[in-house]
Structures are given as C-alpha cells and as structure tokens.
Amino acid sequence: MSESVTDTAELDAEGLRSRTREFLASNDPATTDRGEFLRARFDAGLAWVHYPEGLGGLGAPRALQSVVDAELEAAGAPDNEPSRIGIGLGMAAPTILAFGTDEQKQRFLRPLWTGDEVWCQLFSEPGAGSDLASVGTRAEREGDGWRVTGQKVWTSSAHNARWAILLTRTDPDAPKHKGMSYFVCDMTDPGVEVRPLRQITGEAEFNEVFLNEAWIPDSNRLGEVGEGWRVAQTTLMNERVAIGGRPMPREGGMSGVVADTWRKRPEGADAATYDRLMALWVEAEALRLAGKRLGQQLAAGSPGPEGSAMKLGFARLSQELSGLELELLGQEGLRYDDWSLRRPETVNFTGRTAGYRYLRAKGNSIEGGTSEVLRNIIAERVLGLPAEARADKDVPWKDLPR
Amino acid sequence: MSESVTDTAELDAEGLRSRTREFLASNDPATTDRGEFLRARFDAGLAWVHYPEGLGGLGAPRALQSVVDAELEAAGAPDNEPSRIGIGLGMAAPTILAFGTDEQKQRFLRPLWTGDEVWCQLFSEPGAGSDLASVGTRAEREGDGWRVTGQKVWTSSAHNARWAILLTRTDPDAPKHKGMSYFVCDMTDPGVEVRPLRQITGEAEFNEVFLNEAWIPDSNRLGEVGEGWRVAQTTLMNERVAIGGRPMPREGGMSGVVADTWRKRPEGADAATYDRLMALWVEAEALRLAGKRLGQQLAAGSPGPEGSAMKLGFARLSQELSGLELELLGQEGLRYDDWSLRRPETVNFTGRTAGYRYLRAKGNSIEGGTSEVLRNIIAERVLGLPAEARADKDVPWKDLPR
Amino acid sequence: MSPNLLYSTEEQDLRASVRDLLTDRCPPERVLERCEEGETGDPALWHTLATQLGATSLHVPDELGGQGASVREVAVVAEELGRFVAPVPFLGSAVLATSALLGCRAGQQRDAVLADVAAGNRTATLVVPLSSCVGGSFPTAVRAGEGRLSGSVRTVADGASADCLIVPARGADGPELYVVDAAEGRVAVDAVTSFDITRPVSDVEFDDVAGVRIADPDLAATVLDDAVRTGAGVLASEQVGVAEWCLDSTVEYLKQRYQFGRALASYQALKHRLADLWYELVVARAAARYAADQLATASDDAPVAVGVAQSLCARVARHAAEECVQLHGGIGMTWEHPAHLYLKRAKADEIALGSPSAHHGVLGPLVDLHPAP
Amino acid sequence: MSPNLLYSTEEQDLRASVRDLLTDRCPPERVLERCEEGETGDPALWHTLATQLGATSLHVPDELGGQGASVREVAVVAEELGRFVAPVPFLGSAVLATSALLGCRAGQQRDAVLADVAAGNRTATLVVPLSSCVGGSFPTAVRAGEGRLSGSVRTVADGASADCLIVPARGADGPELYVVDAAEGRVAVDAVTSFDITRPVSDVEFDDVAGVRIADPDLAATVLDDAVRTGAGVLASEQVGVAEWCLDSTVEYLKQRYQFGRALASYQALKHRLADLWYELVVARAAARYAADQLATASDDAPVAVGVAQSLCARVARHAAEECVQLHGGIGMTWEHPAHLYLKRAKADEIALGSPSAHHGVLGPLVDLHPAP
C-alpha cells in the first residue's frame, strides 16, 4: 500500500531473503530472549511483510511472507505461536489495519502480533445464530465513551484475552444493518465477566461473556458510529480466508484416524462397512485434492469460490467418518473417556477418543458459518440463484420479531 | 347421503351380501353378456354401494363395497377392468357426483362405471408444473357454450378417451385461483388433437392434447364459472386417496425384483453391495408395513397423514432400488431392450428390463405431485411449519411472471 | 390374523400413564441436572415405574406375579422412556434379564428371581456386552465349573444398578445361564464412563463366584438369543421415542426462532429436511410396531421383523438426533440443552444390540438374501 | 514437483477449440435428432475431431505421428465430449485402444496401426466388456492359437464404428493382445441396444479369425490393465463434464421457470440441493484432474488417483444427472428434452470401467485398507 522508503527492488524474494539474513545476523535467536526477538522482528518489518512499514511490515507482496518464515525457521527462530493468537492475527489485526486510527494501529498491532496481548471476538449472541446482524448488545453513549450491556457467546480465548473486538448495537431505531458500532473492548474492565460454556463433549472450549455496563472509551471505537456492520464484514471475510487452505497430507485429518482404526480390525470392521469406509476415504482424499487445487488457484492469482465447498465438505466428512468410527469400534464405541468439565488450551478435532471426535465434529457444521448458511452463499453468490426473501432490511431493529 | 327407500337395516354387510346373491341369481354371469351384466349391476346399486340410489349405489357405507366385490368375484362375475378406467373411477366420478347437475350425473356415471366410456384428465400444462392453478388454457364464452384453446400434457388414456375433465382459465383478469372453470370435454370434438408424448423410456404412456377452438356446451360445465379451482380440489383429493394404500405382500414391488436379481448372483453382487441391498430391502419392507398401518388407521376411522409419506418413500425406493439393480447387473445393465416408440395400454413400473425400471422410476417422484411438493405439504400441513412466501395470490393471472 | 400395527386402547392408556409420570418426574432439565451431579440413574423413578405402573412386569405371566401383557406393551413403555431419555435400567432389567428369565425352564429358583424382578423388589441385568447382536455365537468370556463362575464381561448395560446378574457362561457341557447375586464379594461391577450418559455401562468380573444355574446346555443358547432378539425389538420402539422427541423439539424450536426477519421454520430447506425426518419416523414406527407384535405373538416372522425394525429404527433415531443438534445451531452444541442426551442415546442405540449392518447380515439369510461369497 | 491440478493455458485453448466445434456441430438438439433417426454415431464430427483438432492423437508421441501431449489433454477433450454427450468413439478408440497400443512393444505392425488410429484414418476399440474394471483377471473369452482367434465378447464400447479391434486373448502360453481387422469375414460385430444411447455397444464374435499379435504373455496383462486404468481415469473427466452440464442446465432452467409467482430458483430447498451438487463437482474436478496428471506422468500414485477419481466422479455425475431430471420436473421426463441423454450416459458411466464399489475394492489394498476377511 504505502510507498516504501527503501528501494522497491528489495521487496522481491531475494531482497526479503537477504533482509531476513541481515536481521538474523544482528538478532541471534539462540541468544536473544524470545519476546525481545519477536519485538525486534516486528520492528524490522518481517512480522507480516505485506503490512505497512512501521506496523510490522514492508508493504511487500503477501505471498513473500513464506520466504521470510522459511529463513527464520531454518535459523531456529521462535515464532509467535500463531495457533494461540489466531483471532488476533486472523481477525482483529486486518480490521484494525483497515479501520483503525494511527494511534490504534500503533497501540494494538505490535503486542497483538508478538502475542504479548491475546485477543478474542465478541460477535455471536445467544439470540442471533447465523443472523449476526441482529446482535442486541447495547452500547450507549456516556461522556467520552460508551456503556455496554449484553451477552456474547462462543468466545474462544476470552479467559486469556486482554482485548476483544466487539460488535454492538448503538441505534435500535435504525434498521438492523445500520445501527451497529464496532469497538475494541478491554477484557479487564470490571463490567466484563467471562464464564466457561460447556459443550456436548463435556469440555468448555468457548466462553459466554457477560457485559454489564462495561466501559469503553470512544477512542477504542473502530470505524464510524453506525458503521459496525461494514467493519465486521472485514473481520468475517478474513475469518473465511483463515479457514481451510492448509495443505494436508493424504489421511491428514479424520480419514486417517478412522483408517487407522479400520487397520486395527475392530469388531465392526466387516464386509458391510468396508464400502462405506472406502467411499468416505475417497471423498476425503478428493476434498484434500480440492484444497490443494484451491491453493494453486490462489497462487495463480485467480482465487475461486471453492473455499465454501471446503468447509462444507470438511464438516460433512468429519461427521460421517467419526460416526462410522464409533460403529467400527462396537462395544468400545459405547464408552467415553471423561465427561468432566475441562478448559482445553487448544482444540484438536481428531484428538481424544472416537466418542469425543464424533461429538466435537457436530460443531464443524455450525461454528464459523453453518452448513446451511454456506449452502445459501454458494447458491446465491456462486450459482447466482435469487436471495431468500427477507423482511428485516428496512425495519427498525427494535421492531423485528425475535 | 340420500335416504334409501329400502329398509336401512339391509345396508349392513349381511344385507348387501343377500342383495348381491339375489342379483346373481337373476343375472348369471356365466350366461349374461359382459356389458349387459355390468349395466345391470350398476342399475342394481351394486357398482359403488356408497353412491346414491339410481347412480349405481345404495347409499351404503363405502367400506362394505368389499363384501359385494367378494361375492361377485366368488361367482366368477366380470369386473369393469378398473385399471383401464382409473381416471374415470377415481377422479371424474367423485367430481361429477359432487358438482354435477342431475342430468350430468345421469348422463355420465353409468357408462363411466361400466367402462363403455373411457375418461381422461386435462389438467397439467407444459408451463404449469406443480403450480396447477396457473393453467393458461383459455375458455371463452360463445353463445351457449365455450371455445377452448390451449395445450395440456401428461394425459394418459387421451387417445382412448371419450370424455375428459378439463380445467381452463375463463377470467385472466382475476387472481389465479379465482379465474378458472371446470368442464367435461368431448374428446371427439374436431378441436381436440391428441399426440403421443414420448418419455425417457422410449415409450409414450401419456399424451399431449392440443385444444384448438374446441367447442364445449355450457351444459358440460361442472360447478360455477370461476369455481374451477374448488372443483379441481375435489378431483385431486380423490387422486391422492387413490394412490398407495393397496395392500402388498413382502417383496411385492421393486424390492422383490431387485432381490431376485441379487439371488441370481449377477456380476455386481459382491460384499460391497450387500449392505446397500439390505438397507433398501429393509426400508421397502418398513414402507410396506407403514402402508398396512395406514390401512388399519383408515379402517379404524382415524386416517393419518401418512399417505404423503407413502408416496415419498415409494418414489425414493423405486429409484434407489432400480439404480442398484443396474449396478448389480454390471455389463447387462449397459444394455436396453428397445427404444422404439410404443404406446402401452397399461404401465408396469416393475416390468420390462432393469434399464426400463430405472428410467421409469424417475417419474415416480414427479407424476401425481412431485416429492418436493409432498415435502412442502408434509412440512406445512402435518408439521405446521409456515407456508412458503408467495406473491401470486392477489395478482391478476395475466400479470404473473411466467 | 393380520398383525395389529396400531396402539390398542390399553396401550394408549399405558402410554399416557408413563408419559404423565415422566413429564412430572423426568423432564429433560431434571435429567441434565442428574448428569451434572454425576448421578447415573434415578432409583426413585425406577421404583415408581415398577411398583405403581407395573412397568417391570408387563410381559410376565399372571401366575409369576406379572401383568400377563406382552412385548407390545413393553415396547410402548420403551418408546416413552426413549422420548424422555429416562435414566432407568428398563432395558437391562425389565427387557433383557426378564426375557432371559422367562425363557428358562420354570423352577423354584427361576420363579423366585423372576417374581422379584417383576415386582421391582430386585433389579437385574443380562451380563453381555451391550453391543451383542442376535445370531452371534454364545459368549465364552465367563467359564462355569461346578456351579462357580469366573471371567469378565465388558460394557454391560445397567450393571451398576443390578442386584442380580443373569450370566451366560460356558460350562463343561456347553452354554449355560446362571443367576448371580451382585452383592457377592467375588463379583466386581465397575461402572465405566458411558458414551450414552443416560444409560450407564459397567465392566463385570467374576472371580470364582457361586451361581445358580437356570438354563442347561439344551436351552441356554436359545434363551440368550431370544432375549437379545427381544431386546433389539424393544429397542426399536425406544428409538422411535427418541426420534420423535428430536423431531418434535426441533419443529418447536424452529417455529420460535427468527433469523433475518423470518421464523427459521419458514426456510424451505429446513422444512424439507423435517419432512424427510417425518417420513422416516412414519416407516420406523410401522417397523417397530410390527416387531413388537411379532415378538408378542411369538410369530415365526419375529426374527425378520426384529431385523427390519432394529436396522431401520437405529438409523432413523440417529439421523433425527443429528438433525436435532444441527438445526438447533449453537444451542444444540451446549451441555445445557438436552439435545446432546438424545444424540448420545441415539448413537449408542445404533451400536447397542447389533448395528444396522450386523442386523443386515443376520436378516439377509432369513429372507433368502445371502451375502456374496 | 507438486502435481498441477489446474488447466494449463494450452489445455484451456484445447478445451475452447473442442467446445467451439461441439457447440456448432453437436448441440443437444442435434444429438437428440440423431437418436430419433436411429443413428448411433456422428462419423463426420469424429472425422473433424481427429483430423482438424488432432483429438485422437494427443498422448501419442510425435515420432508415432501424434501430438506428444499427455493424458491430461486427453482428459480435457473427454470432459468436453461428456458435456455434449457427443456420439463419437473417443473412449473406445482414442483412449482404450490407443492406450493399449501405446503399451505394446514398438514394431512395424503396432506402429502402423497406432499411426493410422492417431491420424484418424482408422478407428479402433478394445474388445473387452465396457464394465471391465482395472485389477480384474485377464479375460478368457477369446482363445488364440497359431495366430487365429475364436470366442466372443459382449457389450464392447464403440465396436460398431471400429475398423480394427484390439483383442485380449488367451494363447497357449498365456495372455496376449492381437489386432484384428474388423472387416474380416469371420468377425461379427453386432450392435446391441445400448442403455447409453450416445455410446453404442456391440457384441463381438471371432470365428477362427486371423490376428496380428502385438503383445506377448510377458506384457499383455500389464498393457491391458494399464489401458483399462487409463480409460477409467479419463472417464472421470468425462463424468465431470457430464455433471457440469447437468448442474449448469438445471440452474438455468430453474432461473427461468416460475411457480406460485416465484422463480423456481428462489426455493431454498432447491438452492441447497444445487449447492450440494456444486460441492460435489468441486471435489470431483480436483480428483479427475489429479488422476489425469498422475496418468500423464506415469506416477506411482496413478492407481490410487484413478481409484479415487473414478469411484467419486461416477457417483457425482450420476447424482447430478438424477437431480437434473428431477428438478426439471415433467419436461425432464420427456424424450424431447436432452436431460435423459445425460442420465443414461451418467448411469452407464457409473458401471463402465468399474463401478464405484469395484474401484473401492481395488483401491483399498493400495492404501493399506484391506477388506474384512
């Protein structure tokens, strides 16, 4: 975006490679403190090279990040544990970059990227479901800030987070898409209460967050008042990009787990289940190839709409495969490991036991966009079919049926 | 309905049995001409005992028809070949009975029942699909009758029929449900042209019927002008009753055909297909039991809504089973018997070859109400879910998008 | 005579009594609370079912202290218990153990146990893995010799609440059945964590335990097979109850919830899925009723009827429960909503007493459809 | 190097040429008319494809008169031919027979036939039942002795239009492949009525016919297996073309038609079904491209790739064609609408060169997933 002060010739793969080597030469990962190293990497513009200079980047093409990462990895440099701070990296950061003030960018991006500050997302509400634009958490103007009251749900990392991106309703008299505003919320505010949300697996991966007159200074607003929906679109678009697209080896996911179960010849592994196993294995392999193909399309600069197919198929296959696995296990499938409430740090869809996998997979077609919403998106945006009739676009939010 | 002049005590099973025996005593089926016998049976009120006296019935309970039929069958009496005149018996007759004038009932019902006059149905149109109320065949008033122009489709028996029940549009300025009228159409009118409609099987079971200024006297109108939709509802309700509900032995339908194919061990009958075969066989048996259960509910006087489930399941299973059969046959499944245009007198879904069965079964989820419409009906009428949004109820028919 | 596939008036009355009791004493919130508190059963409810409704003695003849009804009535109770995922040992005690006891030759020992179990004074279970399918070979996990049993059986339904255990064991002369007092010191019944939270399972171990033999080698294998078959047939009705709750609660939920300004229930894609579920429920109910009827009349067609019902109803209940969770969206994934109790019951029931594929394998040869060689 | 799953620029150009030709010469109405007239093929179109577009010589090396391209390009042509259900003997001649010829050891006889077939001067086919699956045992239907063949093979694809026949036969020393001139008096090629109207099949009989041996026992079985595998891999691309036409035409139809005052395309239940089809097409295309690529590079993973592609694409194309007929409603059931041509092609293709289940059985052991004993 911004014109770099350095010679643009440097921003090709070779240029970035030598820059990274120079950086490594003056910041030896073997002897530098992890936090210090990461902060220095950010300041050197090697955090996310496509970000502007001064904000962890160099304004270089995004695709070249892999060059930097490869050099750093080869040198044994620590990373910023991206799986721990995924919401910050994948959703908060691009939104702050797009809509934040200079002060906000300066304040938030560096500790976000280094992992010194964890972020979470306060979007979903118990009453909203797939209709995110119906959020009812109220933010009311008070002096130079806002009082926020409401309930959010499905918030991962809320109990570890320092900051949250928060979608609120600031004008209930406006139509639903027009009365929202978007904030950065301080999770240490006394008006913020985090409670674990127990799932059908017994675990609590997520939280409910109760906002009870939480205070947010107006300087933590992202985008204009009433523009919250537009800001949230940026967040969500980046969420969709983050899902899927990881290259995976054959049998890399649930199909490998179930294939291994089959190979152990459990009681249900009979002729009758073989064809089902193979059909699912085949579909999983084809979905993997489709993901690879999507990656090649992206690399060739012509991204297709196949991302939504990936998520749809991933959910379908996780569920079918894990269901089959329980049947293969027979007697063992009737047992579970542990129903006690746990709060896992990370989620592993293929972890624990077959019973856990079966139950956890049920969430794959709900979280991050239900399969039903994905089918609507495919039908309307890819196939060009007419949108669903809706009666909620021009009515004041407060008058909508709920 | 109408009070019988004979003692009502006679209208129980015993009374009907003795009446039938008396009738047989004076009309020996062995020596009486078939047509004469049937006409005499009609006149004796033993044709359809629940019809009024003078119109082939005795005003007796409908369920007692089986008593009469059993006596007649035991005596070797000829029947009226109900499969040949199904549309007359199942659809035209109840409509004439409900909406016809005395003259119309006297004129039409006797030759309809005896089979001397075959009936067909002119409802569907190429542009209407499941939306029957959108029919565009125009009937315009001319003197003491009507000139009718339009195209009808999916008409079985049209080439053998003497009469048709016909749904037309008489007022294009009225909303679609309010501008229709219902007629009896003389199929020998010079304005009526019947062409075979070839199907994907190669056969032409049905016809297209072109109405080109066909003339219908107003005395052949059934119901009031503009009331055609209400009259047609009676016809269609009776069509739905006629579908399904026949008691069937185990493996009585497509499942028996495919099971027999399996038993002959064709090339595709391997371990992989066994579970599929069994799952379909099981569902077919369960559907058969559901039909039996529905019959028991009807007999107990509490008909359930399960009829639509029967049709939905029948279509699903015919298609799945016949598709499996082709796979079982392997090489033989790649061959067909004959593509040449034929006009079969009757239809046998399980007849001819596996390829025919597969193709013909595709129609089972379209004809007589598509599976999609059935699912709507179940969702809305059985489960009480909201009706689909529609914009065609109050708009003049002529202004509707088509 | 044609089998009656409807619910008789008596059956409807029975259903109403059971449903009234469960509505009062066993609403989903209560079941969830119990799970929360780690209670795996509801002994008080079980006691009421047994003593006030006689639900434990329905198909036991009058002269043995029972109601002289049949498996049809047992199936009606199972359907209601399924609808409420009631945490009571009905399957283990009133169905599996009682059916096994009924199959054994009359005698003082058997009659006494049967009367106790029927009256609800004692609770029993059949010591086989819950995944056992009719037509399997007689288990060899427990050995019997001179009236003493040794061996262990994993994943036994309703073991922890059982006072007496009906144990298939292999003796010197072949298959036998024994009654063992669960309180015996050398019997260990270890509750294990059950996937189906509302149906506990246990591992049972016998270390040279005294047992009373109630079936000799000439009878034991048949008795066990018949009991497991009856269990599978009754389970089909339980699955109908589970499926019906899932459909009903989903319909209600979708009617109440609005998204994008419309009731969720107005979205055609969801309507069609619910219509398909309803179709499945219609055929499942017919199959389950037929199985109950054929078992009740000891018909020659009972094995076919059970195979059809169990393989179909298992899939239908599981599908209904999966759709229930999915169509409830996020709330369906939470512990606080009861949908997961039904999902766990439905999935476990799909495996219990034979998976659909296992039943296909047993059913096929009965109707002259043999697996490919 | 990572396999390229996209269409290269050259492949896109090739596709455009073929599509232009077919749009012009082989629109669905024209295919229907031909069927009406009882013509089972379009020799003029075939000739143009061969001579002007070189579609018959793509994966034949330059030195043998071919284009020196690969199976990737063959697959692109197959995809387009599938999209148009073009009645040309591409599968029999340019894929199966040509692949078999390519596998045989070079030699005057083989090279001459191959050059003729590649150039479109002659049309060939491989004399095996169209349902043959890779991994099967070598056929024994035809016996060879002293250079003469006897026996008969049923349901051979593209037999009637073939000038020369590539015949697997069992000789005294084992499997062999022969070339036979179809015009020989003792060869009978009887066209039989094909379920797939646009792909004719024949029964072929040899009554002591002279043949030229092109593969000895050391090679013949491998050559045949490779040819049938290549055929199956290419067929997957044909199926992608079939599926895509079915989806596209259904989308267009539903957008144009109104019922109950709304475009059919606005009904959510239909929208979701089309979305599911589109998903299937996405994964099918990836699998088909991978198979084509792995065959093109003679990769060790080609057998796995073909098993995946063929078993998946067969189901997808059949499902798409069935949905196409259903969602077209009544018109889809008529002979005058082309949907049935695709339904027949898709269903026949599901059986052709191995059903999905057959491929599962071959694929499983390759990925260490063995059938249960």
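Chain A is the first sequence line, chain B the second, and so forth, proteins listed ahead of strands; every chain is numbered from 1.
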Worksheet entry | side-chain contact (heavy atoms from CB on, under 4.5 Å) partners for A339(C), two or more places apart |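 side-chain contact (heavy atoms from CB on, under 4.5 Å) check on A339(C) returns C324(C), V325(C), H337(C).
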Kindly provide each donor-acceptor pair between chain C and chain B shorter than 3.5 Å, listing atom names and distance.
{"unit_1": "P3(C)", "atom_1": "O", "unit_2": "Q296(B)", "atom_2": "NE2", "d": "2.6"}
{"unit_1": "L5(C)", "atom_1": "N", "unit_2": "Q296(B)", "atom_2": "OE1", "d": "2.7"}
{"unit_1": "L5(C)", "atom_1": "O", "unit_2": "R293(B)", "atom_2": "NE", "d": "2.7"}
{"unit_1": "K255(C)", "atom_1": "NZ", "unit_2": "L383(B)", "atom_2": "O", "d": "3.1"}
{"unit_1": "Q268(C)", "atom_1": "NE2", "unit_2": "N376(B)", "atom_2": "OD1", "d": "3.1"}
{"unit_1": "K271(C)", "atom_1": "NZ", "unit_2": "E380(B)", "atom_2": "OE2", "d": "2.6"}
{"unit_1": "K271(C)", "atom_1": "NZ", "unit_2": "P386(B)", "atom_2": "O", "d": "2.9"}
{"unit_1": "K271(C)", "atom_1": "NZ", "unit_2": "E388(B)", "atom_2": "OE2", "d": "3.0"}
{"unit_1": "H272(C)", "atom_1": "NE2", "unit_2": "E372(B)", "atom_2": "O", "d": "3.4"}
{"unit_1": "H272(C)", "atom_1": "NE2", "unit_2": "N376(B)", "atom_2": "OD1", "d": "2.8"}
{"unit_1": "D276(C)", "atom_1": "OD1", "unit_2": "R375(B)", "atom_2": "NE", "d": "2.7"}
{"unit_1": "D276(C)", "atom_1": "OD2", "unit_2": "R375(B)", "atom_2": "NE", "d": "3.4"}
{"unit_1": "Y279(C)", "atom_1": "OH", "unit_2": "E283(B)", "atom_2": "OE2", "d": "2.7"}
{"unit_1": "D301(C)", "atom_1": "OD1", "unit_2": "R250(B)", "atom_2": "NH1", "d": "3.0"}
{"unit_1": "D301(C)", "atom_1": "OD2", "unit_2": "R250(B)", "atom_2": "NH1", "d": "3.4"}
{"unit_1": "D301(C)", "atom_1": "OD2", "unit_2": "R250(B)", "atom_2": "NH2", "d": "2.6"}
{"unit_1": "S357(C)", "atom_1": "OG", "unit_2": "D275(B)", "atom_2": "OD1", "d": "3.4"}
{"unit_1": "S357(C)", "atom_1": "OG", "unit_2": "D275(B)", "atom_2": "OD2", "d": "3.2"}
{"unit_1": "H360(C)", "atom_1": "ND1", "unit_2": "D275(B)", "atom_2": "OD1", "d": "2.7"}
{"unit_1": "V367(C)", "atom_1": "O", "unit_2": "R263(B)", "atom_2": "NH2", "d": "2.8"}
{"unit_1": "D368(C)", "atom_1": "O", "unit_2": "R263(B)", "atom_2": "NE", "d": "2.9"}
{"unit_1": "D368(C)", "atom_1": "OD2", "unit_2": "R263(B)", "atom_2": "NE", "d": "3.4"}
{"unit_1": "L369(C)", "atom_1": "O", "unit_2": "Y274(B)", "atom_2": "OH", "d": "2.8"}
{"unit_1": "H370(C)", "atom_1": "O", "unit_2": "W262(B)", "atom_2": "NE1", "d": "2.8"}
{"unit_1": "H370(C)", "atom_1": "O", "unit_2": "R265(B)", "atom_2": "NH2", "d": "3.0"}
{"unit_1": "P371(C)", "atom_1": "O", "unit_2": "R265(B)", "atom_2": "NH2", "d": "3.0"}

Practice prompt. Specify which of A271(B), A290(B), A272(B), A286(B) makes the most heavy-atom pairs with chain C at under 4.5 Å.
Written response: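 Ranked by contacts with chain C, first place is A286(B).
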Worksheet item: Can you say whether A269(B) sits under 4.5 Å from chain C via the side chain, the backbone, both, or neither, judging by heavy atoms?
Response: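 Backbone of A269(B) only, per the 4.5 Å heavy-atom cut-off to chain C.
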Worksheet item: Rounded to the nearest 0.5 Å, how far apart are CG of L383(B) and CG of L277(C)?
Response: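 Spacing of CG (L383(B)) from CG (L277(C)) equals 9.0 Å.
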Discussion item. How long is the straight-line distance from CG of L369(C) back to CE of M278(B), given to the nearest 0.5 Å?
Written reply: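 M278(B) CE to L369(C) CG: 5.5 Å, rounded to 0.5 Å.
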Worksheet item: Tell me, side chain or backbone of V304(C) under 4.5 Å from chain B's heavy atoms, or both, or neither?
Response: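 Just its side chain gets close to chain B.
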Fill in: Most contacts with chain B, counted as non-hydrogen pairs under 4.5 angstrom, among L274(C), L6(C), V367(C)
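Most pairs with chain B among the choices: L6(C).
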Worksheet item: How far apart are the closest heavy atoms of L289(B) and L5(C), and which atoms are they?
Response: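 Smallest interatomic distance, heavy atoms only, reads O-CD1, 3.4 Å.
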Worksheet entry | Least distance between heavy atoms, A265(C) atom then P386(B) atom |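 So the minimum-distance heavy-atom pair works out to O-CD, 3.3 Å.
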